[in-house]
Amino acid sequence: MKSKKCVAMLLAGGQGSRLGVLTGKIAKPAVPYGGKYRIIDFPLSNCTNSGIDTVGILTQYKPLELNDYVGSGKAWDLDRLDGGVHILPPYQSQQGGDWYKGTANAIYQNLSFIERYNPQYVLILSGDHIYKMDYSDMLNQHIESGAGCTIAVLDVSLEEASRFGIMNTKPDGTIYEFEEKPKQPKSTLASMGIYIFDWEKLRYYLTEDEKDPNSSNDFGKNIIPAMLGAGELLKVYRFNDYWKDVGTVDSLWDANLDLLNPNLNLDLADKNWKIYSKTTGTSPQYISDTAKVENSLITDGCEIYGDVDYSILFKDVTIEEGATVDYSLVMPGAIIKKGAKVRYSIIAENVVVEEGATVGGDPQVVGNENWGITVIGDNLTVGKNADVSANKMITEDVKEGAKI
Amino acid sequence: MRTSLVAGVIFANANDNMLKKLTSNRSMASVPFGARYRIVDFSLSNLVNAGVSSVGIITKENYRSLMDHVGNGVAWDLDRKNGGLYILPPYSSRDIRKYTDTVDALYGAMDYLNRCGSEYIALCDSYALANIDINAAVKAHIAKEADITVVYHKGTLPEAAGKKLVLTLADDGRITKMAQSVVSEAAYSMGVSIIKRDLFIKIIKDAYDEEIKNYEKDVLPKALSALKVYGFEHKGFVAVLDNTHTYYQASMALLDKEVRKELFNKERPILTKTRDDMPTRYGIQADVKNSLIGDGCIIEGTVKNSILFRGVKVAKGAVVENCILMQETVVENDAVLDNVIADKNSVISEKMVLKGTTEHHCFVRKSQIV
């Protein structure tokens, strides 16, 4: 097998527990986004567009949907004779086996996968973020600087800095200190969880870390500090474009509706940096005489007879006459029936919102303290004339007329 | 090797006098239809939905667009080791005539017919479009012990429709008469037939030797006396595509919910090549009513009673009514269109007013800037 310049390892094992019922049955990277994508489309498309053709996807939590979705990788041009996409779940070996204990341990357990391609560099990614990035640009900087590890950073505001892993750097971009969620941040360069390592150094530090029973086996908490402590050269790669974490209900909703902002610096239609996804065929969308659609994204298979404003409708969604959808995400196959009102909500796959029901609440009406996005979990029914207020996470059918 | 029961043969060019405006530089099979499809998608999907895994597409000319669209058949699950999708352009060999008509074309495809190995052939022409249950047609063919089964539709034909192969059927479904004529209401062939492969090969060889030209017009009627030819009724929607007028009417029929439900039957989905478009974006001043829209459009103006294919842009202030706008058409600010059919990549400039009539649609050619 040919040697690869750079192999990407995509950490897709997390539960995304803050997404509640949305990740009840699927891993976070498989969560639907933007009308026809899934979160994992972004790191995968970025890899293809950056010329990286070998990607290991580390799965662990509820991987079925994700594995099925990724398949042979063809949809992202990653179905290759040499390289391509590989799903890497935890596995048994002669010495036994273990679940992935932490981000670093997950890579450690797959050192032999990386070894097969004998790369010079390894790119570590997570499957949790919406962004477009040319990894080859980061790789070039890494090579030119002679660093042992390059960490991509985003310049955040001082108020936000205490939520992130912060890199404290010298003027030339050399990292001298790493602080996890510092109360008094010394810099505003937040780690994006995207790393490029020299393969030999990665292998060394992962192996050393594995020997320490007290380690959390985490890149940020253990590997990076260990490299800093040993005097390795670590550099930041500054990223300036759109980057959104979609780990909470609010941020997922927000990131989706960002697509409706005309000034958004994330052009999914850009032919020079296409975001690929795996879509199965369905019919074109139909907007009827009784419909009113404004400011929204709608895709194939939708039948719209009601009003849709500032919302994103995924495929095969039906909005019946007299129904209204505002500031919401409606995921594939959902049906919003006559006279139902959905606002400031996430309606998951195949949900039925029966006639006259209302879901969610307007922050201006409900008041900011009581407000939050309402989520209706997949395949549930909200009964006729039921009322689900703001800031609710619904995990069971809602009975007719019920008030939640 | 496991072969499927039925192999498919699709005629890509149909009658080249049909839909002249839309087939000037593409085959009939490549003609866009229904906001995101090409005519061949329906034949391919019908075959694949019936379990066919081997399909040969016979083309005569103008087939670059078709080859580009179907590729290796992956969109219809036809990228196979066992079976697969084969484009069959004119067979250039000294002893084969250049295709003058369908018998020639089928004779030229003899290699494919010999090698596909299936027991039956499902032959699909490209002049009528529908979601056909080919599996049911094959079952009926076998049950009746027919030699040839012709899939037909019984109904009213549009006024502007051209000649059709009109069938007279006995009570048991056996076809007793076939004649080409212009009718307003009849049982007419949809250009889809089922026949045993061995018999088909023999019929084509004989017809070729006798210099008989057209399979449907000449071979089939002649076969009525010697062979058991039965009809299989397709009861659903049929798009008659003879000319621009009937094409327009068939397209607008898709604005009817029941037609869509039946044509885009989820049990037998119509598949097409994906373009990785974004979902369609509706802007602040978008006013869209009674329209069928493909993905990747950006709509900021008014669209009524129209069909928009993938990637169409309608700018602010533009008004599009009763139109069919094909892929990537751009309608600039304040342009006004009524009864226009715009081919791929055309541009209607700012403030341009383009109005056709229901009798005579205004046609914008591919890549034309108006």
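Reckoned from all heavy atoms, side chains included, excluding hydrogens, waters and symmetry mates. Chain letters run A, B, ... following the sequence lines, proteins first, then strands; residues in each count from 1. As the structure is a computational prediction, the values presented were derived from the model and not from experiment.
Residues of residues 252-262 of chain B lying within less than 4.5 angstrom of chain A, judged on heavy atoms, are B/Leu255, B/Lys257, B/Arg260 in numerical order. Within residues 35-50 of chain A, the residues having any heavy atom closer than 4.5 Å to a heavy atom of chain B are A/Gly35, A/Lys36, A/Tyr37, listed by residue number.
In this structure, the portion of B/Phe264 lying under 4.5 Å from any heavy atom of chain A is its side chain and not its backbone. B/Phe309 does not touch chain A: none of its heavy atoms, backbone or side chain, sits under 4.5 Å away. Heavy atoms closer than 4.5 Å to chain A are found nowhere in B/Val303, neither backbone nor side chain. Interface residue B/Thr274: only side-chain heavy atoms are found under 4.5 Å from chain A. Residue contact with chain B, scored on non-hydrogen atoms closer than 4.5 Å, involves the backbone and the side chain of A/Ala269 alike. Contacts between A/Asp309 and chain B at a heavy-atom distance below 4.5 Å are absent for every atom of the residue. Contacts of A/Lys278 with chain B are absent, with no heavy-atom separation under 4.5 Å from either backbone or side chain. In this structure, chain B has no heavy atom under 4.5 Å from any part of A/Phe314.
Heavy atoms from other residues, nucleotides or ligands lying under 6.0 Å from NZ of A/Lys292 number 12 at most. B/Arg275 CZ: more than 12 foreign heavy atoms inside a 6.0 Å radius.
Between the CG atom of A/Asn295 and the CZ atom of B/Arg281 there is a distance of 9.0 Å, given to the nearest 0.5 Å. For the atom pair CZ of B/Arg36 and OG1 of A/Thr282, the computed distance is 7.0 Å after rounding to the nearest 0.5 Å. B/Leu292 contributes atom CG, which lies 8.5 Å from atom CD of A/Gln285 (distance to the nearest 0.5 angstrom). With rounding to the nearest 0.5 angstrom, the CD1 atom of B/Ile270 is 10.5 Å from the OG atom of A/Ser283. Taking CG of B/Asp287 as the reference point, atom CD1 of A/Ile287 lies at 11.5 Å (rounded to 0.5 Å). For the atom pair CG (B/Asp277) and NZ (A/Lys274), the distance works out to 6.5 Å, reported to the nearest 0.5 Å.
Of all heavy-atom pairs between A/Val293 and B/Tyr282, the closest is CG1-CG, 3.5 Å.
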Show, in sequence, the C-alpha distance, side-chain angles and deciding distance for B/Ile293 and A/Tyr286, and conclude whether the side-chain contact (heavy atoms from CB on, under 4.5 Å) test is met. CA-CA 6 Å; B/Ile293 316 277; A/Tyr286 175 75; over 6 Å; no
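A salt bridge does not link A/Asp289 to B/Lys304: none of the charged side-chain nitrogens sits closer than 4.0 Å to a carboxylate oxygen.
Counting heavy-atom pairs closer than 4.5 Å to chain A, the top residue among B/Ile298, B/Ile284, B/Val74 is B/Ile284. Comparing B/Gly311, B/Ala35, B/Gly283, B/Gly34 by heavy-atom pairs within less than 4.5 Å of chain A, the highest count is held by B/Gly283. Counting heavy-atom pairs closer than 4.5 Å to chain A, the top-ranked of the candidates B/Lys266, B/Glu300, B/Met278 is B/Met278.
Evaluation of the side chain to side chain donor-acceptor pair (under 3.5 Å) test over residues 306-319 of chain B, restricted to residues two or more places apart or in two chains, returns none. Judged as a side chain to side chain donor-acceptor pair (under 3.5 Å), not a single pair has a partner in residues 42-52 of chain B (not counting sequence neighbours).
In summary, the side chains of A/Thr299 and B/Asp295 do present a donor paired with an acceptor at a separation below 3.5 Å, with no hydrogens or angles considered.
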